[in-house]
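A quick write-up on the structure given underneath.
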Amino acid sequence: MSKYLQSLNEVQRQAVINSQGPVMVIAGPGSGKTRVLTYRIAYLLEQGIPPHEILALTFTNKSAREMKERIAKVVGNVANRVWAGTFHSLFARVLRIEAEKIGFPSDFTIYDTTDSKSLLTTIIKGMNLDGKVYNVGGVRARISSAKSNIIPPKLYAENEELRTEDRHSKRPYLYKIYAEYVRRCKKAGAMDFDDLLYQLFILFYKNPDNVLEKYRSRFKYLLVDEFQDTNYLQYAIIKKLVNFEGSPRNICVVGDDAQSIYGFRGATIENILNFETDYKKFGLQTFKLEQNYRSTYHIVQAANEIITFNKNQIKKDIWSDKGKGHKIKIIKTMTDTDEGKRIVDQIREQKNRYHLQNSDIAILYRTNAQSRIFEEALNRQRIKYKVYGGMSFYERKEVKDLIAYLRMSVNPNDEEALKRVINFPKRGIGNTTQQKIIELAINTDRPLWECITEVNVGPRAKNALTEFKQMIQVFIQKQKELDAAQVTDLILRQSGMLKLLKGDLSIEGMSRMENIEALLNGIKDFVDTDVVLEEENVEEIENKSLAQYLQNIALLTDFDQDDGDDNNYITLMSTHSAKGLEFPSIFLVGLEENLFPSYMALQSDDVEEERRLFYVAITRAEQFLTLSFANSRYKFGDIRYNNPSRFLEEISELHLEKSYTSKSEKVNTVSRSGVSGNFKKAVPKTYTTNIDPSSFAPSPPASIQAGHKVLHLRFGEGKVLRVDGANDNRLATIFFQEAGEKRIALRFAKLQILK
DNA sequence: CCTAGGATGTTTTTT
DNA sequence: ACATCCTAGG
């Protein structure tokens with residue numbers, strides 16, 4: 001047996017070596033999911049499967065890269081020829097090859113969210129609709145969800161249910177916006193993020209030139225990571241590739257229903273259930289990875305406890321043999337600023353006491369806006385950190401502006417790029433002129449680009465437009481002759497952007513210039529780095545053109561930037577971004593009602609996904625887990641008061657450091673006044689009991705029945721109203737005199753029966 | 001056509 | 001608090 005197989009436990013090994021037919025791996029946090037995936041691929045390669053026949057789909061570039069690196073360690077360079085990447089990037093790659101079959105240029109532009117929103121704003125205005133009722137964010141989400149459920153504009157228009165929903169939300173014309181949006185994207189030769197999936201499905205569905213057969217015979221082995229976060233559309237594509245008459249159905253999906261946190265963008269746990277029914281008849285094998293190799297006992301147990309508060313889940317029994325470890329610490333502060341200070345103090349202490357590096361530590365929060373407070377506190381103490389997410393490098397205005405010029409030079413029909421640069425830097429083409437062009441384009445059903453010199457405007461504007469067009473035409477020409485770095489340099493000068501940026505000596509201006517230089521360096525890097533040609537992918541001619549560069553950057557995020565050599569910094573990121581990562585010490589902050597769980601989730605009564613997110617967050621920790629919340633916090637400029645998060649109460653005290661309760665009782669009894677805004681005053685929510693812990697004797701969980709009078713260390717005396725579930729999953733509904741009704745998992749409860 | 005200053009909305013999470 | 005949108009006046 002190969003050496004790497006010996007390093008696996010029995011279940012893991014089975015999940016690796018059962019390489020034929022459908023396989024589902026349910027993998028708890030830290031259970032070696034990535035190891036199974038990578039070893040499975042390595043195993044396939046060792047069995048002689050050609051690398052290009054393996055398609056491994058992940059959600060982030062980072063996990064794809066990590067996977068490739070780890071496969072390479074086992075089997076060497078052949079790993080680079082496995083098709084491993086994100087859904088979006090790999091599908092974009094296929095679409096570049098096949099785009100013309102479905103009416104797109106192969107150099108199609110990828111619209112990011114900003115582009116999509118900007119186009120929608122134009123459309124909504126053009127239809128004279130109220131932008132407040134038809135807010136772009138909401139409209140875009142609606143369209144995105146339609147695409148994710150494979151509902152094209154025509155079906156949308158015919159679907160009474162959807163139309164009624166729209167009428168209810170006072171947006172009866174949404175279907176028209178959708179149709180126009182799709183039309184405009186196609187006219188601009190552009191695909192948005194959803195299109196990268198949707199158009200691929202359409203390609204497979206319409207199947208011109210039997211293109212589907214080509215990919216079916218090419219990708220003989222499919223692996224899907226984070227399967228719980230796939231949406232209907234993604235699963236539909238997977239099925240197109242795998243589920244057909246005579247197919248060996250070599251598909252392996254890996255996921256964890258308890259870590260499904262992308263419901264808001266259409267991910268559905270039903271895919272896991274559907275997968276079972278779809279492949280049962282083809283000999284589906286299921287493996288459950290339940291041993292956690294990441295975290296110590298208290299962390300694993302706390303996670304187990306809180307997840308039982310969710311109703312729907314596949315039963316799992318996650319355990320760890322890493323020892324008891326440290327208990328979970330909870331920090332409570334008065335204000336959000338204090339939270340920042342206290343967390344950073346705590347970080348310093350941990351670093352000293354346990355000799356942790358900056359890179360061992362991460363601060364996680366629910367919303368990106370929370371990062372600022374910690375940045376300030378870390379700055380004051382001169383501790384290095386890096387913020388992930390939020391405004392990414394490629395979303396900065398100056399970067400987008402320059403890229404818009406680049407995009408136009410490759411695809412002049414790119415409407416959003418044109419709108420960005422037509423009057424930037426200012427060249428006398430104002431709003432009125434632009435409106436006239438847009439109008440002409442709509443009336444004659446032609447791209448904006450073709451209309452800019454035909455539009456009927458005054459001589460000044462006419463002149464400016466002619467000059468603009470000539471300038472872009474030069475760029476288009478040069479782009480074909482020069483490499484990406486050379487042409488970008490030329491564009492930067494000739495467009496006037498460089499002059500404008502250099503002339504701005506303000507702090508912000510300097511930083512904009514720095515960003516442009518960083519972009520330029522990135523492009524130089526792209527040109528100078530040799531890429532090994534993959535012989536199987538002859539369709540792709542590796543070159544250093546601008547067009548090639550643009551294809552590669554569209555789907556990059558901040559995560560994908562090289563940090564250089566100094567990587568000893570504290571990581572700050574959202575709980576969503578943290579999925580799949582692990583750190584010796586995690587600080588999970590802002591644990592307040594309306595923040596985590598979020599206000600939106602509470603409004604729509606969807607706390608379960610928030611709880612899964614909480615579960616994901618705490619299971620990132622290997623040894624130290626610190627949770628924090630603040631009494632008051634600034635939001636939209638004024639102070640708001642929130643209660644501590646309900647999730648804090650769902651962790652049993654067994655796993656918490658003692659300091660929390662004593663401290664919080666003291667602070668919590670302070671009454672406050674003068675609460676501003678329409679937020680209700682925060683009601684202190686700790687429950688003082690005068691039970692002496694030393695005389696407290698919890699009864700065995702199995703003995704607790706409905707009707708019992710019971711004692712709980714924190715909640716005091718209560719009556720068991722009912723008990724449901726069986727064995728390990730028994731949940732008691734208990735009414736406490738002080739704390740009200742609670743649902744408690746008996747497996748973990750410490751309850752003393754009184755009578 | 002451009003600018004400045006005021007009004008307004010925005011925060012959930014991401015490829 | 002901050003960014004974007006809107007409006008009036010030059």
Side-chain angles (χ1 to χ4, degrees), chain A residues 57-64 85-92 110-114 116-118 121 125 131-132 135-138 140-141 144 147-148 191-198 226 229-231 233-234 260-267 336 364-373 388-392 394-395 397 423-435 457-458 460-461 464 508 554-560 573-580 590 594-604 606 609-610 612-614 616-617 633-640:
Chain A
L57 297 162
T58 65
F59 272 80
T60 64
N61 293 307
K62 189 173 182 296
S63 42
T86 65
F87 279 91
H88 290 85
S89 71
L90 290 185
F91 291 177
I110 297 174
Y111 276 177
D112 64 15
T113 310
T114 315
S116 298
K117 281 186 174 169
S118 158
T121 309
K125 271 191 197 147
K132 277 164 203 151
N135 72 335
V136 260
R140 199 200 65 89
S144 168
K147 284 184 185 169
S148 302
M191 296 198 197
D192 66 16
F193 285 146
D194 298 310
D195 281 329
L196 297 177
L197 315 177
Y198 178 77
E226 311 280 14
D229 287 330
T230 52
N231 62 30
L233 172 57
Q234 285 162 322
S260 163
I261 55 174
Y262 283 102
F264 69 92
R265 69 171 194 203
D336 47 1
L364 308 183
Y365 34 73
R366 179 65 180 81
T367 67
N368 286 310
Q370 287 163 258
S371 74
R372 227 196 62 229
I373 285 164
Y388 291 88
M391 170 76 73
S392 97
Y394 296 103
E395 282 165 354
K397 183 189 178 306
N423 200 30
F424 179 84
K426 298 260 149 61
R427 52 174 70 89
I429 305 171
N431 220 289
T432 329
T433 307
Q434 290 181 42
Q435 278 319 112
V457 289
R460 275 176 91 115
E508 302 83 32
L555 296 167
L556 292 187
T557 62
D558 273 0
F559 265 115
D560 307 316
M573 62 168 70
S574 72
T575 42
H576 279 88
S577 307
K579 189 175 69 164
N594 294 314
L595 185 59
F596 200 171
S598 80
Y599 176 70
M600 289 303 214
L602 291 178
Q603 290 300 297
S604 55
D606 186 19
E609 177 148 316
E610 295 286 308
R612 291 193 293 269
L613 187 55
F614 184 67
V616 168
R633 182 177 295 280
Y634 276 93
K635 196 184 182 188
F636 300 147
D638 46 20
I639 286 184
R640 304 291 170 94

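Each chain gets a letter, A, B and so on, in the order its sequence line appears, and its residues count up from 1.
- A close approach under 4.0 Å does occur between a side-chain nitrogen or oxygen of A:Asn423 and OP1 or OP2 of B:dC2.
- Taking the C1' atoms as reference points, B:dT13 lies 22 Å from C:dT4, given to the whole Å.
- Using a 4.0 Å cut-off, some side-chain N or O of A:Ser574 falls inside it from OP1 or OP2 of B:dT14.
- What separates CD of A:Gln434 from P of C:dC5 is a distance of 13 Å, to the nearest Å.
- Among the nucleotides B:dT11, B:dT13, B:dT15, the one closest to the side chain of A:Asn368 is B:dT13.
- When the P atom of B:dT14 is taken as reference, atom CD of A:Glu395 falls 10 Å away, rounded to whole Å.
- Residue contacts shown for A:Tyr262 are limited to sugar-phosphate atoms, with no base heavy atom under 4.0 Å away.
- In this structure, OH of A:Tyr394 is placed 13 Å from P of B:dT15, rounded to the nearest angstrom.
- With B:dT15, B:dT14, B:dC2 as the candidates, the nucleotide lying closest to the side chain of A:Lys426 is B:dC2.
- Using cut-offs of 30° and 60° for the angle between ring planes, the A:Tyr262 and A:Phe264 rings count as tilted.
- The CG-P distance, from A:Asp638 to B:dT10, rounds to 16 Å in whole Å.
- Nearest to the side-chain atoms of A:Thr60 among the listed nucleotides B:dT15, C:dA1, B:dT13 stands B:dT15.
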Tell me, with the steps shown, if A:Leu364 and A:Met573 meet side-chain contact (heavy atoms from CB on, under 4.5 Å). CA-CA 5 Å; A:Leu364 308 183; A:Met573 62 168 70; 3.6 Å; yes
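- Geometrically, A:Lys635 engages A:Tyr599 in a cation-pi contact, judged by NZ or CZ lying under 6.0 Å from the ring centre and within 45° of the ring axis.
- When rounded to the nearest whole Å, the span between CG of A:Leu364 and P of B:dT14 equals 12 Å.
- In this entry the distance linking CZ of A:Arg460 with C1' of B:dC1 reads 8 Å, nearest Å.
- Here the nucleotide nearest the side chain of A:His576, chosen from B:dT11, B:dC2, B:dT13, is B:dT13.
- Minimum atom distance to the side chain of A:Ala461 is reached by B:dC1, of the listed B:dT15, B:dT10, B:dC1.
- Stacking here means ring centres nearer than 5.5 Å and ring planes tilted less than 30 degrees, and by that measure A:Phe264 stacks onto B:dT13.
- In this structure, the CZ atom of A:Phe59 is 9 Å from the C1' atom of B:dT15, given to the nearest Å.
- The nucleotide whose nearest atom lies closest to any side-chain atom of A:Arg140 is, among B:dC1, B:dT14, B:dC2, B:dT14.
- Atom NZ in A:Lys117 sits about 12 Å away from atom P in B:dT14, given to the nearest Å.
- Within the 4.5 Å cutoff, the side chain of A:Thr433 has no heavy atoms near those of the A:Asn423 side chain.
- Note: A:Arg140 CZ to A:Thr113 OG1 = 4.5 Å, rounded to the nearest 0.5 Å.
- Counting only heavy atoms from C-beta outward, the side chains of A:Ile639 and A:Tyr634 approach each other to under 4.5 Å.
- Each of A:His88 and A:Arg427 was matched to the nucleotide of DNA chain B holding its nearest heavy atom; the match closer to the 5' end belongs to A:Arg427.
- A salt bridge links A:Asp192 with A:Lys147: at least one charged nitrogen is closer than 4.0 Å to a carboxylate oxygen.
- If you check every strand for non-hydrogen atoms under 4.0 Å, A:Thr575 touches nothing.
- Within the structure, every side-chain polar atom (N or O) of A:Ser598 is placed at least 4.0 Å from both OP1 and OP2 of B:dT11.
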Within the sub-3.5 Å range, which N or O atoms of nucleotides 6-10 of chain C have a protein N or O partner, and how far apart are they?
none

Could you go through the side-chain contact (heavy atoms from CB on, under 4.5 Å) check for A:Thr86 and A:Phe59 one step at a time? CA-CA 5 Å; A:Thr86 65; A:Phe59 272 80; 6.0 Å; no
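- One finds no side-chain N or O of A:Ser577 lying less than 4.0 angstrom from the OP1 or OP2 phosphate oxygen of B:dT13.
- Between B:dT14, B:dC2, B:dT11, one nucleotide has an atom nearer to the side chain of A:Ala369 than all others, and that is B:dT11.
- Here the CG atom belonging to A:Asn368 is positioned 10.5 Å from the NE2 atom belonging to A:His576, to the nearest 0.5 angstrom.
- The residue A:Thr113 sits close to a base: some heavy atom pair falls under 4.0 Å.
- Relative to the side chain of A:Lys132, the nucleotides B:dT13, B:dG9, B:dT15 differ in distance, and B:dG9 lies closest.
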